[in-house]
Amino acid sequence: MKIYDTLSQELKEFKTIEENKIKIYVCGPTVYDFPHLGHARCYITWDMVVRYFRFKGYEVTYVRNVTDVDDKIINKAKANSLSIEQIADTYYNEFKEAMAKLNIASPDIEPRATETIDEMINITKILIDKGLAYTSNGDVYFKVGSYPNYGRLSKQNLDDLRSGARVESSEIKEDPMDFTLWKAVKSQDEPGWESPWGKGRPGWHIECSAMIKKHLGETIDIHAGGQDLVFPHHENEKAQSEAAFDKPFAKYWMHNGFVIIGNEKMSKSLNNFVTINDVLEKYDSNAIRLFILTNNYRMPIEFNDESLKAAKSGVKRLLNAYTDVSNVLNQETVLKAEEFINIITDEMLKEESIPFCKMDALVSDELKEELLANIIKQIKLFINSMDEDFNTSKALAVLFEVASLAQKAKDKKLESALYLALLIKLSSVLGFELNKTSTIDNALTEKLMDFIISLRKDVRAEKNWALSDKIRDGLKDIGVTLKDTKEGTTWTIDE
RNA sequence: GGCGACAUGGCCAAGUGGUAAGGCAGGGGUCUGCAAAACCCUUAUCCCCAGUUCAAAUCUGGGUGUCGCCUCCA
């Protein structure tokens, strides 16, 4: 498979450092406010990436940090007369809840910056000992000029950066581009930790370097994050880690594009953000995911109601395929089909021959060959698309095709069961939940609905269409949709 | 000013050399008591100009427009 690497600016063949294992680090949020759609985009993207790696059989260690000490948190704490822990905990919980609502799987390790202070001090020490960092006024700075590759990741050169209008020169720093590794506390109400350079707190960039070193080691497979982190955050992380350990920091650098709103980047500082909770009021997690995955992960996405609406309708189609087809099948057939699809995909990923014999029990001879060929074709299309730097747009086309195949095969139970199973499998790789059962759903509702439907059946037998329609309209008003099909009447609870 | 990207039908969006995936919306039809869903059919020559090539949305050069980074930001 190929992955676009920001550092080399090209698609690179993906090869892990250690056979079959992937160490991936994603820069997590600074928890000082509600998460917005930009965060959703970012973490849905990396969720999809990790899900796909696991689908391919890699053993993934996914680390995503939480920045819980930072000027913004300190300022917010001061403004609200709260401790920085209170602010960080409040918004960390908001973040966690939002991630769960979006069906974003938790990372394997979610370290907090404040739990990794020792490692930050260690790295800072190493850099000072090597003469690559210096203390000044209680602060510690990294000597950018001492690291020859500085600027390679973000394609900047030091002279251009220095002459940039926004760089402040200061007497404390040797070079205006030098960045903070350790910041001395300036007043009593600031949080601080003891260090060889006095009480202080870490700079932002050293936090990630330390958490990576502690949980993943000196070299990792993939370092990912939002495009806005390329400079200075990732550039600086790379510089200090490589300078400290004399090893390449990350084999692949991946960056996701922004969410745009009204022709501008959605961001905290522009105050034009829509929170995840805002969006969830009108659209569910599947719709948000479809909206995001329709676009290439590196391209900007324009947020607007129309696109979300379109995504919602698209999800509806996948959902309809799931419920329509499920309704005509029995549980046993579905389970058998799921098992078969699992076998087939596993064999394909291992590039071993497909076990035709396993199909014997399921489908008759005349169907077998063509059906199997088509299932394999769809899986191949999906894998090939995703292998091209996560072309989710193409992969989604496969989902829609499979959904349609399942619908068309409704008369042939086993065939539609196989397509249904395939749909469930592939959509879960992208993080969709088609079988999300409604929270209102319970045994009593089930019985009541069965009862109402049986009454309506009698009414319809008498061709009392007025009453029959009244029941259907009435249920629609309270959020239950009835569908009259050949097999009988089905009901679903509206979103 | 330096650096990095983008421009495809009404909207969103794939596609990096051989005559344009998919989704949404629209139109027509099948099915249905009706509805919903589903299914079938249907809508583009790819910002402009020049060049390379037998052949370009796809490569090169030049325009025009838009965005991002260079300050905290996913």
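For the numbers below, each heavy atom of this structure counts, side chains included, while hydrogens, waters and symmetry mates do not. Order of the sequence lines sets the chain letters (A, B, ...), proteins ahead of strands, with each chain counted from 1. All figures in this text were calculated on a predicted structure; none of them were measured in a lab.
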Whole angstroms only, please: what is the [atom1]-[atom2] distance between [X] and [N]?
X: A:L319; N: B:A36; atom1: CG; atom2: C1'; answer: 15 Å
X: A:K470; N: B:C34; atom1: NZ; atom2: P; answer: 22 Å
X: A:E264; N: B:C67; atom1: CD; atom2: P; answer: 8 Å
X: A:N295; N: B:G15; atom1: CG; atom2: C1'; answer: 15 Å
X: A:Y25; N: B:A74; atom1: OH; atom2: C1'; answer: 13 Å
X: A:K309; N: B:G10; atom1: NZ; atom2: C1'; answer: 15 Å
X: A:Q407; N: B:C31; atom1: CD; atom2: C1'; answer: 14 Å
X: A:N304; N: B:C11; atom1: CG; atom2: C1'; answer: 8 Å

inquiry  = Check this for me, if you would: do A:D473 and A:K470 make a salt bridge, where the nitrogen-to-carboxylate-oxygen distance has to be below 4.0 angstrom?
reply    = no

Checklist entry - Do A:K173 and A:D139 meet the salt-bridge criterion of a basic N to acidic O distance under 4.0 Å? => result no

Exercise. When you check the phosphate oxygens OP1 and OP2 of B:A74, does a side-chain N or O of A:N256 lie under 4.0 Å from one of them?
Worked result: no

*Does a nitrogen or oxygen in the side chain of A:K265 sit under 4.0 Å from OP1 or OP2 of B:C69?*
yes

What's the gap between [N] and [M] when it is taken at their [atom1] atoms, as a whole Å value?
N: B:G17; M: B:A55; atom1: C1'; result: 8 Å
N: B:G61; M: B:C6; atom1: P; result: 14 Å
N: B:C46; M: B:G18; atom1: C1'; result: 16 Å
N: B:A35; M: B:G27; atom1: P; result: 15 Å
N: B:A13; M: B:G28; atom1: P; result: 28 Å
N: B:U52; M: B:C59; atom1: C1'; result: 8 Å
N: B:C11; M: B:G26; atom1: P; result: 15 Å
N: B:U19; M: B:A57; atom1: C1'; result: 11 Å

Please classify the nucleic acid contact of [X] as base, sugar-phosphate, or nothing, using heavy-atom distances under 4.0 Å.
X: A:Y43; result: sugar-phosphate
X: A:G151; result: nothing
X: A:S313; result: sugar-phosphate
X: A:N391; result: sugar-phosphate
X: A:N320; result: sugar-phosphate
X: A:L290; result: nothing
X: A:H36; result: base
X: A:V259; result: base
X: A:N296; result: sugar-phosphate
X: A:D473; result: nothing
X: A:G314; result: sugar-phosphate

Applied to residues 373-387 of chain A, the salt bridge (Lys or Arg N to Asp or Glu O under 4.0 Å) test, sequence neighbours excluded, yields A:K56-A:D387

So the salt bridge (Lys or Arg N to Asp or Glu O under 4.0 Å) pairs with at least one residue in residues 266-286 of chain A (sequence neighbours excluded) are A:K282-A:D305, A:D284-A:K436

Mind checking whether A:F273 and A:D33 have side chains closer than 4.5 Å, heavy atoms only? yes

Report yes if a donor N or O on one partner sits less than 3.5 Å from an acceptor N or O on the other, where the partners are the side chain of A:D469 and the base of B:G33; otherwise report no. yes

**Item:** Under 3.5 Å donor-acceptor pair, A:R472 side-chain atoms to B:A35 base atoms
**Value:** yes

- Message: So that I know where these two stand, are A:F432 and A:Y322 an aromatic pair - ring centroids less than 6.0 Å apart?
- Response: no

Practice item. Could you tell me whether A:F142 and A:Y150 have their ring centroids closer than 6.0 angstrom? Key: no

*asked:* Looking at A:K155, I'd like to know if its NZ atom is crowded, meaning that more than 12 non-hydrogen atoms belonging to other residues, nucleotides or ligands lie closer than 6.0 Å.
replied: yes

Just checking A:K309: does its NZ atom have more than 12 heavy atoms from other residues, nucleotides or ligands closer to it than 6.0 angstrom? no

Dump the pairs, protein N or O against N or O of nucleotides 18-22 of chain B, anything under 3.5 Å, distances to one decimal.
from: B:A21; atom 1: N1; to: A:S393; atom 2: OG; distance (Å): 3.2

Both distances under 3.5 Å, Watson-Crick or G-U wobble: report the partner of [N], or none.
N: B:U16; answer: none
N: B:C31; answer: none
N: B:C67; answer: B:G4
N: B:C59; answer: B:G51

Identify the pairs formed between an N or O of the protein and an N or O of nucleotides 3-6 of chain B at a distance under 3.5 Å, and give each distance.
from: B:C3; atom 1: O2'; to: A:K155; atom 2: O; distance (Å): 3.0
from: B:G4; atom 1: O3'; to: A:Q9; atom 2: NE2; distance (Å): 3.2

What one should report as the nearest heavy-atom pair of A:S393 and A:T294 is OG-O, 3.2 Å

Applying salt bridge (Lys or Arg N to Asp or Glu O under 4.0 Å) to A:K394 and not counting sequence neighbours gives A:E388

Is there a donor-acceptor contact under 3.5 Å linking the side chains of A:K483 and A:T489? no

Just by distance, with hydrogens left out, do A:N149 and A:K238 show a side-chain donor and acceptor under 3.5 Å apart? no

Of A:N263 and A:H39, the one whose closest nucleotide on RNA chain B sits nearer the 5' end is A:N263

From the candidates B:C11, B:A36, B:C24, the one with an atom nearest any side-chain atom of A:K483 is B:A36

Side-chain atoms of A:D484 come closest, of B:A74, B:C72, B:C34, to B:C34

Parallel, tilted or perpendicular, as decided by the 30° and 60° cut-offs, for the rings of A:F179 and A:H205: perpendicular

Any cation-pi pair here, A:K76 with A:Y32, using under 6.0 Å and within 45°? no

In A:Q227, A:R298, A:R41, the residue satisfying side-chain contact (heavy atoms from CB on, under 4.5 Å) with A:N256 is A:R41

I'd like a table of atom pairs between the protein and nucleotides 40-45 of chain B - only N or O on both sides, under 3.5 Å - with the distance next to each one.
from: B:C40; atom 1: OP1; to: A:K408; atom 2: NZ; distance (Å): 2.8

